[in-house]
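Order of the sequence lines sets the chain letters (A, B, ...), proteins ahead of strands, with each chain counted from 1. Note that the structure is predicted; figures quoted are calculated from it, not measured.
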Amino acid sequence: MIEITQEFTDKVFSILADVCDSEEIKANPNMKLFDEGLLDSFGTISLVVEFEQQLNISVPISDFNRDDWATPMMIVQQLAKRK
Amino acid sequence: MDILDHINEWALKAPNRLCYIHRDHQLTYGELKGESDTIAQWMIEKFGTDRSPIIVHGHMDPMMPVLFLACVKSGHAYIPVDESVPSERVSMIAQSSQSKLVFSSTPDSLPLLKAEIIDVHELEVKLQNSVYPHFDNRYAVQDEETFYIIYTSGSTGKPKGVQIPRRALTSFTTWMLDDFQLEEGLTFMNQAPYSFDLSVMDLYPALISGGTLWAIDQEMIARPKELFASLAQSGINVWTSTPSFAEMCLMEPSFSSRLLPNLRTLLFCGETLPVSVAKRLKERFPNADIINTYGPTETTVAVTSIKITQDMIDSGNPFPVGRCKPDCTIAILDQDGLPVPEGDKGEIVICGPSVGQGYLGELEKTKASFNTVHRMPAYHTRDVGSLIDGVLYYFGRMDHQIKLHGFRMELEEIEHVLTACHYVKQAIVIPIKSGDRYDHLVAVVVPDEHPFESTFKLSSALRQELARVLPSYMIPRKFTYRSSLPMTANGKVDRSVPLKEVIQ
């Protein structure tokens with residue numbers, strides 16, 4: 001677990017904005033990405049790849065579930081736990 | 001080969017063998033025959049000589065194969081509709097097919113439907129302890145009659161029903177069992193929802209060869225932990241999926257021959273198989289065969305196949321889609337309908353018994369794509385391909401149909417529905433590539449007046465409105481807004497201009 005810095009949060013949000021192709025994410029950290037249709041099973045693949053490449057955090061796809069990884073903020077917390 | 005006789009025989013030879021497993025639900029060959037005969041008998045009494053198609057609505061429920069067989073045994077084509085299909089779209093399908101009866105495992109999710117609905121769970125209760133009737137197959141769907149109808153995206157804004165006759169399904173399954181080394185009693189993964197004909201690639205070969213289907217559902221896919229737990233228990237021998245689904249599974253480090261020690265054949269259909277995916281699969285499953293196949297829904301699942309070798313992977317060149325099944329032929333035609341020289345690109349035209357009967361109730365559309373070549377039924381695919389030494393290569397589409405993660409869709413259908421939404425004046429939908437494959441959709445919208453304070457809220461409202469008619473995989477991920485769209489000289493929206501903008 002690392003401390004969640006603004007820099008880390010910004011980095012994760014920027015990956016999310018890229019993968020979801022939506023800048024709106026940055027202004028709406030509690031947005032439900034799957035419910036809003038911004039993320040689906042195939043989007044999560046790209047996300048997992050980007051987390052690995054850009055943050056050096058590997059998340060097995062089996063750990064990725066829609067309840068614990070629902071919003072940008074929750075994703076930041078999940079990633080911090082794994083760093 | 002008689003499909004129904006072969007499936008029925010397992011009820012005598014191995015009545016207690018499992019033919020279908022979904023979570024805690026299991027079905028034996030004895031139950032499959034007994035229950036489908038009972039329901040077929042009831043339908044014959046109910047409908048008499050009326051052989052109109054029947055909708056089977058649900059998701060991976062073991063009652064679905066029972067109902068499919070009950071329909072065809074009583075002379076009705078079945079229309080498989082997945083639970084993920086929005087209710088308004090189910091109503092469109094019911095209306096267009098003039099179905100009088102719908103079997104559904106979630107009847108409450110279909111409030112708008114005018115046809116009679118039978119709750120599958122109530123049916124199951126009634127079937128318990130019932131005495132199976134003696135039943136003969138003389139009412140069954142005949143060779144030139146429709147066996148199933150699969151609804152696919154239509155460019156005019158409405159889904160269209162692709163009709164597959166029994167003769168075509170027989171031809172397909174015979175080929176699968178003869179050429180793919182699928183002997184008796186294998187376990188097949190069943191992952192594609194029944195709305196997609198990829199599911200036919202495992203369903204009938206499994207049931208005819210006395211195999212067992214292991215069903216993977218959407219809940220598992222949404223929670224990959226469950227998916228891999230289910231795969232670990234499955235013991236599957238034969239994997240059938242889109243390359244996209246396999247690619248998702250490859251993200252899990254434990255996805256290998258240690259998780260699936262009995263896996264020996266991987267079958268791919270529905271979209272281009274990327275070399276990178278095959279390479280990684282070969283590393284994870286060194287002893288399994290990887291088979292690439294190709295075919296539109298209109299010609300019954302697949303008509304070509306090829307085993308991917310290590311040499312093909314090492315060459316790095318895009319894979320061919322394979323050789324045509326022996327009872328069909330493939331022609332590559334130019335714009336004037338004449339054969340092109342060997343190796344040149346042209347339209348892929350498929351001829352032979354795999355070719356279906358066209359689109360239900362859509363004579364014009366059927367005529368535009370189906371005809372007869374050398375006295376064989378022929379389907380003009382609008383796919384671009386070339387043939388070299390009898391091996392087919394696929395290069396894309398001649399129109400605005402695309403495959404997104406294996407899902408077939410007409411961009412014009414999405415545009416049609418989007419333009420009919422509130423707050424939309426004009427819209428086009430553009431598929432965005434990642435590498436050489438489509439990754440997601442972007443809608444470029446000219447908005448009308450709207451009450452929302454931000455475009456984000458407007459996008460959210462549009463997504464909700466689209467979701468009433470379109471399946472989720474057809475809903476654009478991103479919406480961008482413009483005050484106008486560029487037009488071509490003949491008054492159509494110029495697709496190439498917004499494409500450039502969106503990509504920047």
Side-chain angles (χ1 to χ4, degrees), chain A residues 12-75 77-79 81-83, chain B residues 218-232 242-255 259 277 404-407 432 434-435 437-443 454-464 466-467 470 472-480 502-503:
Chain A
V12 175
F13 281 13
S14 138
I15 294 173
L16 279 169
D18 264 4
V19 169
C20 300
D21 202 357
S22 165
E23 290 296 316
E24 289 143 354
I25 283 168
K26 295 179 180 169
N28 299 275
N30 297 315
M31 180 157 104
K32 302 234 172 177
L33 299 171
F34 290 99
D35 295 353
E36 286 290 346
L38 290 170
L39 213 50
D40 58 21
S41 298
F42 299 104
T44 58
I45 302 178
S46 319
L47 260 191
V48 169
V49 172
E50 295 305 319
F51 291 154
E52 173 118 38
Q53 286 179 352
Q54 297 192 38
L55 304 171
N56 208 14
I57 302 174
S58 65
V59 184
I61 193 96
S62 59
D63 281 8
F64 202 102
N65 72 67
R66 294 177 188 204
D67 305 325
D68 298 336
W69 299 72
T71 68
M73 217 44 235
M74 287 164 87
I75 291 174
Q77 282 156 5
Q78 288 290 343
L79 287 171
K81 266 200 256 174
R82 283 169 176 79
K83 181 88 181 173
Chain B
Q218 292 301 308
E219 275 291 299
M220 297 177 189
I221 297 167
R223 292 182 176 69
K225 196 172 194 144
E226 282 185 40
L227 167 67
F228 292 102
S230 175
L231 288 176
T242 56
S244 290
F245 182 71
E247 192 172 14
M248 190 187 88
C249 292
L250 282 167
M251 297 304 297
E252 170 61 28
S254 72
F255 180 68
L259 184 80
V277 172
L404 184 60
H405 305 306
F407 296 112
I432 304 297
S434 160
R437 281 189 301 165
Y438 293 119
D439 182 70
H440 64 276
L441 302 173
V442 171
S454 69
T455 55
F456 167 56
K457 295 244 166 74
L458 173 58
S459 305
S460 190
L462 290 178
R463 274 195 199 96
Q464 277 176 29
L466 290 175
L470 298 179
S472 58
Y473 57 80
M474 286 172 75
I475 298 175
R477 188 183 287 172
K478 183 178 182 172
F479 290 76
T480 64
V502 163
I503 283 172

With a 4.5 angstrom heavy-atom cut-off, is it the side chain or the backbone of [X] that approaches chain A, or both, or neither?
| X | result |
| --- | --- |
| Phe456(B) | both |
| Arg477(B) | both |
| Ile475(B) | neither |
| Ser472(B) | neither |
| Phe479(B) | neither |
| Ser254(B) | neither |

* To do: Please check if atom NZ in Lys26(A) has more than 12 non-hydrogen atoms from other residues, nucleotides or ligands closer than 6.0 Å.
  =>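 Check passes, neighbour count above 12.
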* Asked: Is chain B contacted by the side chain of Glu24(A), its backbone, both, or neither, given a heavy-atom distance below 4.5 Å?
  -> side chain
* **Selection from His405(B), Gln464(B), Glu247(B) maximising heavy-atom pairs under 4.5 Å formed with chain A** => His405(B)
* To do: Tell me, out of Arg223(B), Met248(B), Met251(B), who's got the most heavy-atom pairs with chain A below 4.5 Å.
  =>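 Top count of heavy-atom pairs under 4.5 Å with chain A: Met251(B).
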* To do: Heavy-atom pairs under 4.5 Å with chain B are the metric here; pick the option from Val59(A), Asp40(A), Asp67(A), Leu39(A) that has the most.
  =>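 Heavy-atom pair counts peak at Asp67(A).
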* To do: Count the heavy-atom pairs under 4.5 Å between each of Asn28(A), Ile45(A), Asn65(A) and chain B, then report the option with the highest count.
  => Ile45(A)
* **Criterion side-chain contact (heavy atoms from CB on, under 4.5 Å) on Ile61(A) and Phe228(B), from CA distance to verdict** => CA-CA 10 Å; Ile61(A) 193 96; Phe228(B) 292 102; 3.6 Å; yes
* To do: Looking only at non-hydrogen atoms, find the nearest pair between Ser62(A) and Lys225(B) and report the distance.
  => O-CB, 3.1 Å
* Arg463(B)/Leu38(A) under side-chain contact (heavy atoms from CB on, under 4.5 Å): CA gap, chis, key distance, verdict -> CA-CA 10 Å; Arg463(B) 274 195 199 96; Leu38(A) 290 170; 3.3 Å; yes
